[in-house]
Amino acid sequence: MTATLSLEPSGRCCWDEPVRIVVRGLAAGQPVTLRSSLHDEKGTIFRAHARYCADSGGELDLTRAPALGGSFVGIEPMGLLWALEPVKPFWRFLKRDVETPFVVELEVLDGHEPEGGRLLVREVHERHFLAPGVRREPVRTGRVRATLFLPPGPGPFPGIIDLFGLGGGLLEYRTSLLAGHGFATLALAYYDFDDLPKKFNSRNMEYFEEALCSMLQHPQVKGPGIGLLGSSLGANICLFMASFLKNISATVSINGSGFTGISAFCYKEICIPPLGHDMRRIKRAFSGLLDIVDIRNDIVGGYEHPSMFPIEKAEGPIFFIVGQDDHNWRSELYAQIASERLQAYGKKKPQLISYPGAGHYIEPPYFPMCPASLHTLPKKPVIWGGEPRAHSKAQIDAWKQILTFFRRHLRGTQERAFSKL
């Protein structure tokens with residue numbers, strides 16, 4: 001009997017959707033190795049593999065069969081994606097051109113040999129970043145440099161501005177996926193892109209106000225308020241925006257701090273002084289890589305520290321998502337301080353989810369974890385924290401929580417049905 005490899009949904013799906021992987025036509029109890037691989041846009045190969053045994057009927061269903069070893073163990077239906085690792089060290093998994101898919105190659109090989117045995121069957125699976133009908137529109141309005149994504153249908157739609165952290169440029173993959181869930185989303189660049197400044201200028205926060213106004217004035221964006229989503233430095237910018245700008249209905253901070261960094265954050269005549277850091281506090285981890293988790297100056301005075309943003313002024317609710325093993329900075333501590341500040345000023349206790357085993361880069365579902373990569377501050381690779389399996393579970397849950405939060409506070413979205421594993 002010839003082995004077959006079936007995928008559900010077949011052919012293509014969006015990156016944040018699960019896929020069911022089933023191998024049929026094997027011998028009863030046959031040992032096999034499943035391998036996955038893809039090339040990113042820079043040509044770097046990512047690979048994962050796992051060893052399995054078919055059931056008594058010669059079938060292998062990854063929703064029921066445990067992996068016996070390899071890149072992961074246990075029942076992990078999506079393990080062949082989230083466990084992908086780059087051949088090149090310190091390389092982060094990113095998608096820059098959302099109009100093209102990642103093509104994942106899946107192979108089934110006979111036996112449990114380290115390099116695999118005879119190839120039994122091979123299939124390719126396209127994972128897209130634009131759901132059917134989602135429209136992509138470059139934005140060049142005034143100083144604003146961004147990309148707007150609009151869901152299918154007449155609109156208007158609830159709006160979200162999406163911001164990433166250090167690194168500059170324009171990343172669209174999270175923004176485009178969100179648009180597939182019924183939101184008008186803006187991927188906003190703020191430095192090192194097009195004609196924007198080469199370095200981030202935290203003393204020119206009026207740029208973000210201009211982006212907010214541009215979004216609110218768009219005929220396809222449903223007011224009166226919009227949502228903000230940011231990670232790392234992007235989360236800090238979102239928290240700063242929510243503290244000073246009107247018409248922000250909901251804010252999600254992924255591993256933000258709520259404090260300034262090496263420089264002051266300024267809006268008009270108001271400047272929040274820099275928290276500062278000490279590079280002498282850099283440690284060397286057991287792996288030999290740098291650990292920067294403790295380089296920021298201590299938060300003397302807790303929520304009354306002058307370098308903290310006045311988040312109690314935010315018009316809408318704030319949702320804090322943190323990885324307990326974040327090694328960029330102590331996100332969990334900062335979120336707890338933020339919660340204390342909001343309550344001290346008479347606000348409701350914010351929603352805060354802290355994920356054990358999750359590191360700094362909490363991405364959309366099934367993104368491979370980035371354990372270490374180059375940091376612009378020490379200009380060397382640093383560890384970001386996280387344990388792959390726990391980090392993957394956190395990403396799946398955080399995505400669901402983000403969508404639920406925005407649906408609750410930004411009216412007018414409908415949930416898109418996914419297949420269930």
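Computed from a predicted structure; not experimentally measured.
Residues His125 and Arg127 have side chains that bring a donor and an acceptor to within less than 3.5 angstrom of each other. A donor-acceptor contact closer than 3.5 angstrom is absent between the side chains of Glu210 and Ser214.
Classification of Lys393 and Glu387 as a salt-bridged pair fails, no side-chain N sitting under 4.0 Å from a carboxylate O. With respect to Arg20 and Asp61, a salt bridge is recorded, a charged nitrogen being found less than 4.0 Å from a carboxylate O. With respect to Asp278 and Arg280, a salt bridge is recorded, a charged nitrogen being found less than 4.0 Å from a carboxylate O.
Remark: of the listed residues Lys347, Arg341, Lys348, Arg341 is the sole one forming a salt bridge (Lys or Arg N to Asp or Glu O under 4.0 Å) with Glu312. When the options Ile248, Leu163, Leu229 are evaluated for a side chain to side chain contact (heavy atoms under 4.5 Å, CB included) with Cys238, the one that passes is Leu163.
The closest donor-acceptor contact from the side chain of Trp329 to the backbone of Asn255 lies under 3.5 Å. The closest donor-acceptor contact from the side chain of Thr175 to the backbone of Leu186 lies at 3.5 Å or more, if one exists at all. Listed for the His391 side chain is a donor-acceptor partner under 3.5 Å among the backbone atoms of Gly359. Here the side chain of Glu123 pairs no donor or acceptor atom with the backbone of Leu7 at under 3.5 angstrom. Within the 3.5 Å criterion, the main-chain N or O of Gly258 finds a donor-acceptor partner in the side chain of Asn236. With hydrogens and angles ignored, the 3.5 Å screen pairs a side-chain donor or acceptor of Lys95 with a backbone N or O of Thr100. Within the 3.5 Å criterion, the main-chain N or O of His49 finds a donor-acceptor partner in the side chain of Ser71.
Between Phe200 and Ile237, the closest side-chain pair of non-hydrogen atoms falls below 4.5 Å. Within the 4.5 Å cutoff, no side-chain heavy atoms of Tyr191 are placed close to those of Arg145. Side chains of Ser232 and Asn328 form a contact here, defined as non-hydrogen atoms less than 4.5 Å apart. Taking 4.5 Å as the limit, some side-chain heavy atom of Arg174 sits within range of a side-chain heavy atom of Ile254. Residues Phe259 and Ile337 have side chains in contact (heavy-atom distance under 4.5 Å, counting atoms from C-beta outward). Side-chain atoms of Tyr334 and Asp326, non-hydrogen and from C-beta on, never get closer than 4.5 Å to each other.
The two residues Pro9 and Pro18 have their closest heavy-atom pair at CD-O, 3.7 Å. Shown here for Leu410 and Gly159, the closest heavy-atom pair between the two residues is CD1-O, 3.6 Å. Between Leu188 and Leu170, the shortest heavy-atom contact is C-CD1, 4.0 Å. Nearest heavy atom pair, residue Leu80 against residue Ala48, reads O-CB, 4.0 Å.
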Identify all side-chain donor-acceptor contacts of residues 372-384 below 3.5 Å with residues at least two apart in sequence or on another chain.
residue : atom : partner : partner atom : Å
Ser373  : OG   : Trp384  : NE1          : 2.7
His375  : ND1  : Leu377  : N            : 2.8

Pair Lys268, Glu206 - check salt bridge (Lys or Arg N to Asp or Glu O under 4.0 Å), show working. CA-CA 7 Å; Lys268 296 183 177 177; Glu206 287 85 355; over 6 Å; no

Apply salt bridge (Lys or Arg N to Asp or Glu O under 4.0 Å) to residues Arg330 and Asp294 and explain how you reach the verdict. CA-CA 8 Å; Arg330 299 201 176 275; Asp294 288 322; 2.8 Å; yes

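No more than 12 heavy atoms of other residues, nucleotides or ligands shown are found within 6.0 angstrom of NZ on Lys88. In the displayed structure, Arg96 atom CZ is contacted under 6.0 Å by at most 12 heavy atoms of other residues, nucleotides or ligands. Open room surrounds CD on Glu85; 12 or fewer heavy atoms of other groups in view lie less than 6.0 Å from it. Annotation for Arg12: atom CZ counts as buried by contact number, over 12 foreign heavy atoms lying within 6.0 Å. Few gaps surround CD1 on Ile270; more than 12 heavy atoms of other groups in view lie less than 6.0 Å from it.
Proximity of the aromatic rings of Phe240 and Tyr267 is defined here by a centroid distance below 6.0 angstrom, and this criterion is not met. In this structure, the ring of Tyr207 has its center no less than 6.0 angstrom from the ring center of Tyr190.
Phe72 does not carry Arg389 over the face of its six-membered ring by the limits of under 6.0 Å from the centre and within 45° of the normal.
Judged as a ring pair (Phe, Tyr, Trp, His ring centres under 6.0 Å), and not counting sequence neighbours, the contacts of Phe93 are Trp15, Phe46, Phe102, Phe367.
Ring geometry for Phe319 against Phe405 counts as tilted: the plane angle lies between 30° and 60°, on a 0 to 90° scale.
Pairs passing the disulfide bond (SG atoms under 2.5 Å apart) check and including a residue from residues 275-356, sequence neighbours excluded, do not occur. Legend: disulfide bond (SG atoms under 2.5 Å apart) pairs involving residues 139-203, not counting sequence neighbours: none detected. Within the structure, the disulfide bond (SG atoms under 2.5 Å apart) test picks out no pair touching residues 185-217 (sequence neighbours left out). For residues 249-295, the set of pairs meeting the disulfide bond (SG atoms under 2.5 Å apart) definition, not counting sequence neighbours, comprises Cys266-Cys271.
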